[in-house]
Chemist: 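One structure, pasted below without further comment.
On a predicted model such as this, the values are computed, not experimentally measured, just so you know.
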Amino acid sequence: MNASSVQTQSPLAPAVLADVRHDLYIDGQWRSATSGRRIDVVDPSTEALIASVPDATVEDAAAAVDAAANAAVGWRATAPRRRSEILRRCFELMTQRAESLATLISLENGKALRDARGEVAYAAEFFRWNAEEAVRLSGEFGTAPSGTNRIIVDYEPVGICVLITPWNFPAAMATRKIAPALAAGCTVILKPASETPLTAYALAALYEEAGVPPGVVNVLTTSAPGPLTAAMLADRRVRKLSFTGSTGVGRTLLAEAAKHVVSCSMELGGNAPFIVFDDADLEAALDGAMIAKMRNAGEACTAANRIYAQSGIHDAFARGLARRMAAVRVGSGVEAETECGPMITRRAVQKIDRLVQDAVRRGAQVLCGAEAHDGPGYFYRPTVLTNVPRDAEMAHEEIFGPVAPISRFDTEGEAIELANDTEYGLAAYVYTRDLARGLRVCGRIESGMIALNRGLVSDPAAPFGGVKQSGLGREGGQRHGVAEFMEAKYIATSL
């Protein structure tokens with residue numbers, strides 16, 4: 001899309017965007033793309049133009065790699081305490097400017113302000129956490145079993161990192177990668193999603209103010225991510241790719257990285273089961289389901305995608321969830337009373353409706369919602385379906401929207417079988433008052449993260465990531481996140 005294709009502008013845009021730069025950020029400088037082309041950024045609540053950003057070329061990507069390479073030696077040599085102080089300052093600045101950042105996220109992403117505020121707090125926390133990790137990076141020292149030599153293991157920054165982030169959490173998905181990379185001593189090139197690039201540029205200016213040296217963080221936006229990413233991965237100075245997005249794109253990137261033996265971290269798709277046993281606290285399970293399903297209007301890889309309620313509690317749970325979902329206030333993300341904002345694009349709405357209609361054709365019943373909004377904006381009404389069959393497309397494909405499909409189960413074994421009947425394994429949710437059962441079921445579910453009697457699983461202090469087709473590696477956690485950006489070096493020395 002070019003900048004002339006949308007004629008109107010959101011009335012909030014001038015005030016919110018007054019201090020946000022709309023240019024590529026390379027080597028501490030703001031510049032246009034060498035092509036001169038730009039990409040429109042649209043408010044999904046109104047379909048109005050917000051701004052435009054540069055459409056970077058392969059030449060721009062090469063300049064970003066050069067900048068990261070030139071900054072690498074100095075940043076790697078920077079004292080851990082100094083790196084820690086800079087990361088801490090990033091946290092403080094994000095916290096001070098939380099409201100303006102949240103409004104910017106709501107404007108370009110569409111998410112409700114309350115969700116955007118939560119995202120900013122979560123995103124900032126990665127800087128505070130990794131500021132503390134930066135000064136605790138240590139190696140190992142031991143004696144070989146033969147007794148003839150000592151084993152010294154040092155941990156070094158992996159090198160220049162290419163970071164690719166999605167549109168659904170434009171602040172948090174960036175800081176979850178940038179903060180540990182900088183703590184480890186790496187320099188980075190960030191490619192944010194073209195749907196939500198403004199938050200990345202706003203944060204780039206914030207990093208500079210916090211003391212991040214030129215070239216340590218570079219930001220590129222492009223409408224052709226494939227060629228740019230391929231060009232960067234082909235540069236032998238680039239040693240790391242960290243990607244958050246769909247499993248399909250992740251597979252393509254893994255194949256590209258394999259050509260050059262580039263280390264990869266992949267946070268990919270999810271198909272989270274939400275299991276409610278008969279002995280669960282009904283109100284607590286409903287509270288948790290609303291969080292797990294409706295955080296960011298369901299546009300999250302950790303969202304409850306398949307809800308399984310045991311026969312004894314099924315009807316009460318379904319009625320309760322439908323009542324709550326029908327009462328959710330839908331509207332523009334920047335309006336204070338909004339609880340569910342728009343989807344990111346018209347195509348996203350069409351996909352959601354396709355999945356809902358497929359389930360209904362296969363026998364699912366609609367308790368509420370199941371329709372798109374006719375006016376401007378990419379809205380879909382919060383929806384609850386019951387009796388969703390196992391062969392429905394939404395049982396095997398991420399919905400990425402405010403749709404809660406409920407199915408019935410009878411036994412614990414059946415619940416586990418249903419939960420594991422997917423190629424994905426990112427997040428899962430289990431509700432039961434029986435702790436022994438809860439831990440037993442959690443132990444048998446094939447998932448990288450499980451929330452037991454909780455509707456929220458993410459925490460900067462815990463390792464985030466999945467198994468099976470949901471990814472490789474972990475982000476966050478004690479040493480897990482930083483370790484993704486470090487290499488072990490073994491030194492042998494005789495006694």
Side-chain angles (χ1 to χ4, degrees), residues 43-45 105-106 109-116 118-119 166-169 195-196 269-274 276 285-309 317-335 337-360 364-386 388 392-395 397-407 427 429 455-457:
D43 177 356
S45 295
I105 291 171
S106 289
N109 171 276
K111 69 174 61 181
L113 261 177
R114 67 175 190 177
D115 280 343
E119 179 184 348
W167 49 262
N168 57 338
F169 290 91
E195 294 89 349
T196 57
N271 189 9
F274 188 101
V276 185
L286 289 169
D287 289 342
M290 290 300 295
I291 295 171
K293 178 70 265 180
M294 292 302 292
R295 183 179 177 222
N296 196 33
E299 294 178 309
C301 55
T302 56
N305 205 61
R306 300 169 294 145
I307 300 176
Y308 300 116
F317 180 85
R319 287 194 302 269
L321 189 60
R323 185 167 54 250
R324 292 185 182 213
M325 291 282 277
V328 169
R329 288 171 289 190
V330 178
S332 170
V334 295
E335 294 175 2
E337 65 273 15
T338 293
E339 296 173 305
C340 176
M343 303 300 97
I344 190 64
T345 61
R346 179 72 61 194
R347 181 181 296 180
V349 173
Q350 293 168 346
K351 174 193 172 182
I352 293 165
D353 195 55
R354 171 178 62 79
L355 293 174
V356 168
Q357 298 311 319
D358 169 78
V360 171
Q365 283 84 52
V366 177
L367 295 190
C368 67
E371 60 183 10
H373 176 61
D374 290 333
Y378 311 129
F379 295 94
Y380 199 87
R381 287 175 56 81
T383 298
V384 176
L385 306 175
T386 58
V388 177
E393 291 181 18
M394 67 172 55
E397 184 177 345
E398 279 188 287
I399 302 168
F400 241 64
V403 177
I406 305 175
S407 302
Y429 304 84
L456 184 64
V457 69

Chemist: What's the spacing between S45 OG and M343 CE if we round to 0.5 Å?
Modeler: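 S45 OG to M343 CE: 10.0 Å, rounded to 0.5 Å.
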Chemist: Among all residues two or more places apart in sequence or in another chain, which pass the ring pair (Phe, Tyr, Trp, His ring centres under 6.0 Å) test with F169?
Modeler: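 Ring pair (Phe, Tyr, Trp, His ring centres under 6.0 Å) list for F169, sorted by chain: empty.
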Chemist: Scan residues 342-351 for pairs that pass salt bridge (Lys or Arg N to Asp or Glu O under 4.0 Å), counting only residues two or more places apart or in two chains.
Modeler: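 Output for this query lists E47-R346, K351-E397.
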Chemist: Who passes salt bridge (Lys or Arg N to Asp or Glu O under 4.0 Å) against K293, sequence neighbours left out?
Modeler: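 Result, salt bridge (Lys or Arg N to Asp or Glu O under 4.0 Å) vs K293: none returned.
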Chemist: State the CZ-CD distance between R114 and E337, to the nearest 0.5 angstrom.
Modeler: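 Spacing of CZ (R114) from CD (E337) equals 12.0 Å.
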Chemist: Flag the pair D287 / R324 as yes when at least one side-chain heavy-atom distance between them is below 4.5 Å, and no otherwise.
Modeler: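 D287 vs R324: side chains touch.
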Chemist: So which heavy atom on P273 is nearest to which on Y308, and how close?
Modeler: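 So the minimum-distance heavy-atom pair works out to CB-CE1, 4.1 Å.
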Chemist: Given side chain to side chain contact (heavy atoms under 4.5 Å, CB included), test W167 with T345 step by step and report yes or no.
Modeler: CA-CA 11 Å; W167 49 262; T345 61; over 6 Å; no
Chemist: Do C301 and E398 come within less than 4.5 Å of each other through their side chains, counting heavy atoms only?
Modeler: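 Touching, per the 4.5 Å side-chain cut-off.
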Chemist: Is there a side-chain contact between L385 and M394 (heavy atoms, below 4.5 Å)?
Modeler: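 Heavy-atom side-chain distance check passes, below 4.5 Å.
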Chemist: Which value, rounded to the nearest 0.5 Å, describes the distance between N168 atom CG and I344 atom CD1?
Modeler: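 It comes to 8.5 Å.
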Chemist: Is any side-chain heavy atom of V334 less than 4.5 Å from a side-chain heavy atom of D43?
Modeler: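 No, their side chains stay 4.5 Å or more apart.
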Chemist: Quick one: list whatever passes side-chain contact (heavy atoms from CB on, under 4.5 Å) with R323, sequence neighbours left out.
Modeler: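 Scan of R323 (side-chain contact (heavy atoms from CB on, under 4.5 Å), adjacent residues dropped) gives none.
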Chemist: Please find the pair of heavy atoms, one from G110 and one from P342, that lie closest to each other, and give the distance.
Modeler: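 Looking at all heavy atoms of both residues, the shortest contact is O-CD, 3.0 Å.
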Chemist: Can you list everything that forms a side-chain hydrogen bond (donor to acceptor under 3.5 Å, both in side chains) with E299? Sequence neighbours excluded, please.
Modeler: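 Counting only residues at least two positions away or on another chain, E299 forms no side-chain hydrogen bond (donor to acceptor under 3.5 Å, both in side chains).
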Chemist: Listed by chain and number, what are the side-chain contact (heavy atoms from CB on, under 4.5 Å) partners of A395, not counting sequence neighbours?
Modeler: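 For A395 there are no side-chain contact (heavy atoms from CB on, under 4.5 Å) partners, ignoring immediate neighbours.
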Chemist: Residues in side-chain hydrogen bond (donor to acceptor under 3.5 Å, both in side chains) with Q350, at least two apart?
Modeler: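 For Q350 there are no side-chain hydrogen bond (donor to acceptor under 3.5 Å, both in side chains) partners, ignoring immediate neighbours.
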Chemist: Would you find a donor on one side and an acceptor on the other, under 3.5 Å apart, between the side chain of N305 and the backbone of I399?
Modeler: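 Answer holds: yes.
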Chemist: If you define the side chain from C-beta out and look only at heavy atoms, does anything of V349 sit under 4.5 Å from H373?
Modeler: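 No - every pair of side-chain heavy atoms lies 4.5 Å or more apart.
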Chemist: Considering residues at least two apart in sequence or located in another chain, which fulfil the side-chain hydrogen bond (donor to acceptor under 3.5 Å, both in side chains) criterion with R295?
Modeler: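 For R295, no residue satisfies side-chain hydrogen bond (donor to acceptor under 3.5 Å, both in side chains) once neighbours in sequence are set aside.
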Chemist: Identify, with sequence neighbours excluded, every residue that meets side-chain hydrogen bond (donor to acceptor under 3.5 Å, both in side chains) alongside N109.
Modeler: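 Partners of N109 under the side-chain hydrogen bond (donor to acceptor under 3.5 Å, both in side chains) test: none.
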Chemist: Testing the basics here: between T196 and P166, what is the closest heavy-atom pair and its distance to 0.1 Å?
Modeler: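 Answer, listing the atom of T196 first, then P166: OG1-O, 4.2 Å.
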Chemist: Do side-chain atoms of T383 reach the backbone of R381 as a donor and acceptor pair under 3.5 angstrom?
Modeler: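 Yes.
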Chemist: Partners of E393 by salt bridge (Lys or Arg N to Asp or Glu O under 4.0 Å), sequence neighbours excluded?
Modeler: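 By the salt bridge (Lys or Arg N to Asp or Glu O under 4.0 Å) rule, E393 matches R354.
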Chemist: Before you tell me yes or no, could you show the steps for I406 and L367 under side chain to side chain contact (heavy atoms under 4.5 Å, CB included), namely the whole-Å CA-CA distance, both residues' side-chain angles and the distance that decides it to 0.1 Å?
Modeler: CA-CA 10 Å; I406 305 175; L367 295 190; 5.5 Å; no
Chemist: Report yes or no: does S407 contribute a side-chain atom to a donor-acceptor pair with the main-chain N or O of V388 at less than 3.5 Å?
Modeler: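 Yes; judged by distance alone, with no hydrogens or angles, the pair exists.
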Chemist: Who passes side-chain contact (heavy atoms from CB on, under 4.5 Å) against V330, sequence neighbours left out?
Modeler: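 Scan of V330 (side-chain contact (heavy atoms from CB on, under 4.5 Å), adjacent residues dropped) gives C340, F379, P382.
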Chemist: Apply the test side chain to side chain contact (heavy atoms under 4.5 Å, CB included) to residues E339 and M294: give CA-CA distance (whole Å), side-chain angles for both, the deciding distance (0.1 Å), then the verdict.
Modeler: CA-CA 9 Å; E339 296 173 305; M294 292 302 292; over 6 Å; no
Chemist: Identify the heavy atoms of A303 and A272 that sit nearest to each other, and give their distance.
Modeler: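 Looking at all heavy atoms of both residues, the closest pair is O-CB, 3.3 Å.
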Chemist: If you look at every heavy atom in C368 and M325, which pair is closest and at what distance?
Modeler: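 Smallest interatomic distance, heavy atoms only, reads SG-CB, 4.0 Å.
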Chemist: Side chains of N296 and D115: do they bring a donor and an acceptor to under 3.5 Å?
Modeler: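 No - no donor-acceptor pair under 3.5 Å links their side chains.
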Chemist: State which residues pass ring pair (Phe, Tyr, Trp, His ring centres under 6.0 Å) with F274; sequence neighbours excluded, sorted by chain then number.
Modeler: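 Listed in chain order: Y429, Y431.
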Chemist: Is it the case that the side chain of T338 and the backbone of S332 share a donor-acceptor pair, with hydrogens and angles ignored and the cut-off at 3.5 Å?
Modeler: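 Yes, the answer is positive, given that a donor and an acceptor are paired below the 3.5 Å cut-off.
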Chemist: Can you see which heavy atom on F400 is nearest to which on I352, and at what distance?
Modeler: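 Nearest pair, atom of F400 first, then I352: O-CD1, 3.7 Å.
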